[in-house]
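Reviewing the structure listed below.
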Amino acid sequence: MVEMKTKRPLLLILLILLAVAPAATGQAPLTDLGSGQYLGFPGGLFGLGSNEPPDDHAAAGGAFAVLVRPLDSAGHPSFAGRIVMISIGMSNTTQEFCAQNSRGPCDPWSFVGQANADPEVNHSTLLLVNGAAGGQAADAWDSPSERNYDRIRDQNLAAAGVTEAQVQVAWVKVANRSPAVSLPSPNADAYRLVGQLGDIVRSLKVRYPNLRLVYVSSRIYAGYATSSLNPEPYAYESAFAVKWLIGAQIEQMRSSTIDPRAGDLDYNSGLAPFVTWGAYLWANGTSPRSDGLVWLRSDFASDGTHPAQPGRAKVGSLLLQFFKTEPTARGWFLDRGGLRRRAVRK
C-alpha cells in the first residue's frame with residue numbers, strides 16, 4: 001500500500017508533463033533539412049536542398065523589384081505616390097501582420113507595429129495595409145471575385161487613402177480548415193494547397209494590376225494544437241506547398257511547362273506576379289532550429305494554434321528582419337536616404 005501511494009503522485013506528474021509537452025513531429029525545418037528528405041521529399045526552400053533561389057529566379061526577382069516605385073491613385077509613377085504592401089490570409093496572418101481586428105490599429109508587437117517603429121524602414125512612400133482577416137482560409141481568396149477583395153478595396157485600402165492600382169507587394173499566408181490527409185498520399189492537403197496558391201496569386205494579379213512581388217510564408221508550429229483546425233503535420237507540410245508553387249514558376253519560366261497543380265504562373269505574360277518565399281516560420285517546438293528559433297507553449301493562445309502576443313511578436317520580428325535583408329525588398333522597404341544619412345553621421 002505504501003508503494004502504491006508513492007507511485008500515484010509520480011504517475012500524476014508524468015501525465016501532467018505529457019499533457020503540456022508539444023506533439024513531436026520528428027522533422028527538421030525545411031531550412032535545416034537540406035539534402036535530407038521528409039517522406040521522400042527533399043528539404044530546402046528551393047531545389048537541390050538549397051535555401052537560396054537559383055540565379056535565374058533571383059535575377060527575375062531583382063528586375064521586378066526595380067519596378068516597385070511610388071504610384072498615384074491611377075497607378076501612374078508619382079513622387080507624391082505610394083508603394084502599397086498588403087497581407088492576404090487568415091486569423092494567424094492578421095494577428096501576426098497587424099492585429100486581431102483586420103482594420104487595426106496595428107498592435108505595436110505585430111509586424112506593422114514593429115516596422116512603424118523602425119527608423120530604417122521607408123516611412124515616406126511605403127504603406128503597409130492589412131488585408132488578412134479571421135476565418136478567411138485559402139478557399140476565400142482563390143478567385144478575383146471573392147468578397148475579401150471587395151472588402152480590402154472598400155474598407156482597408158480606402159481607409160488608408162489608396163487604391164488597388166497602388167498595390168505592388170503582397171505577403172500571403174493561407175491554410176485550409178481541418179485538413180485530414182497528410183503526405184505522401186496523392187490526396188494530401190499540401191497538394192490541394194499548391195493549386196489554391198496558384199489560383200490566389202493569379203487572382204491577386206487581376207485585382208492588383210501593378211502587383212510586382214508576392215512573398216509566401218507557410219505556417220508556424222502547430223504541435224501544441226488542441227483541435228483539428230490545423231494541427232501537425234499539416235502546418236509543417238504547408239511549407240512543401242509553398243516550395244512546390246515557387247518551383248513550378250521557376251520551371252515554367254525555364255521550359256514553358258505548366259505545372260498541372262499550380263497552373264499557369266508566367267510572369268512575363270502578366271498572368272501572375274513574381275512569387276518567392278517570405279519568412280520561413282516553422283521550428284520543431286522547443287527544439288532550436290539552426291538560427292535558434294523555438295516555439296514555446298506560451299507563444300500560443302489556449303487552442304495551441306493561434307499565436308498569443310509573444311508568438312505574434314516573434315513572427316513580426318522574423319518578418320521585419322526578412323524584409324530588411326531580402327534582396328528583392330531592400331530597395332523599396334528600407335529608407336535608402338535615411339540609411340545613407342546615418343552612415344555619413346557615423
Side-chain angles (χ1 to χ4, degrees), residues 16-34 36 38-39 43-45 51 87 89-100 107-114 132 134 137 171-179 182-183 189-190 193 215-243 277-323:
I16 292 173
L17 290 174
L18 290 173
V20 299
T25 66
Q27 304 308 325
L30 256 63
T31 48
D32 293 350
L33 188 56
Y38 169 74
L39 301 177
L45 300 181
N51 294 324
S87 64
M90 55 206 175
S91 52
N92 289 49
T93 313
T94 185
Q95 292 167 352
E96 296 156 353
F97 190 85
C98 177
Q100 183 81 26
D107 295 320
W109 52 82
S110 69
F111 164 66
V112 176
Q114 294 185 47
W171 177 56
V172 175
K173 181 185 174 186
V174 295
N176 285 307
R177 301 179 187 87
S178 303
S182 60
L183 292 170
D189 182 77
L193 192 56
Y215 300 93
V216 188
S217 292
S218 54
R219 290 192 10 84
I220 59 176
Y221 180 67
Y224 300 108
T226 60
S227 75
S228 62
L229 180 61
N230 202 291
E232 294 295 349
Y234 306 103
Y236 177 76
E237 292 182 358
S238 69
F240 285 96
V242 177
K243 176 179 178 174
W277 272 96
Y280 176 67
L281 306 172
W282 195 91
N284 196 0
T286 56
S287 299
R289 71 183 192 187
S290 58
D291 62 358
L293 178 68
V294 296
W295 286 104
L296 309 176
R297 183 63 184 87
S298 57
D299 289 327
F300 294 83
S302 59
D303 65 359
T305 299
H306 293 89
Q309 180 176 325
R312 298 174 196 180
K314 190 172 288 188
V315 174
S317 178
L318 289 167
L319 284 175
L320 181 60
Q321 182 64 20
F322 172 83
F323 284 110

Between S217 and A279 (side chain of the first, backbone of the second, donor and acceptor by atom type, cut-off under 3.5 Å), is there such a pair? yes
Taking the side chain as every heavy atom from C-beta outward, state whether H306 and S91 have any atom pair closer than 4.5 Å. yes
Test log, rule side chain to side chain contact (heavy atoms under 4.5 Å, CB included), inputs V242 and W277: CA-CA 8 Å; V242 177; W277 272 96; 3.7 Å; yes
Would you call the rings of F97 and W171 parallel, tilted or perpendicular if under 30° counts as parallel and over 60° as perpendicular? parallel
Over all heavy atoms of both residues, which pair between E237 and A190 is shortest? Give the atoms and the distance, please. O-CB, 3.8 Å
Side chains of D303 and S227: do they bring a donor and an acceptor to under 3.5 Å? no
How close do Y236 and P29 get, heavy atom to heavy atom, and via which atoms? CE1-CA, 4.3 Å
W282 side chain to S218 side chain, donor-acceptor N/O pair below 3.5 angstrom: no
Quick check: does any side chain N or O of Y221 sit under 3.5 Å from a backbone N or O of L296, one acting as donor and the other as acceptor? no
To the nearest 0.5 Å, what is the distance between CG (L319) and CD (E96)? 7.5 Å
Residue among T31, L33, D32, L30 satisfying side-chain contact (heavy atoms from CB on, under 4.5 Å) with N51: T31
Check the angle between the aromatic planes of Y38 and F240 and answer parallel, tilted or perpendicular using the 30° and 60° thresholds. parallel
Y234 side chain reached by N176 side chain, heavy atoms, under 4.5 Å: no
Give a yes or no answer on whether the side chain of R312 reaches the backbone of P307 with a donor-acceptor pair at less than 3.5 Å. yes
Using only atom types and a distance under 3.5 Å, with no angle test, would you say the side chain of N92 pairs donor to acceptor with the backbone of T305? yes
Is there a donor-acceptor pair under 3.5 Å between the side chain of N284 and the backbone N or O of R289? no
Is the backbone of L281 close enough, under 3.5 Å, to the side chain of K314 for a donor and an acceptor to pair up by distance? no
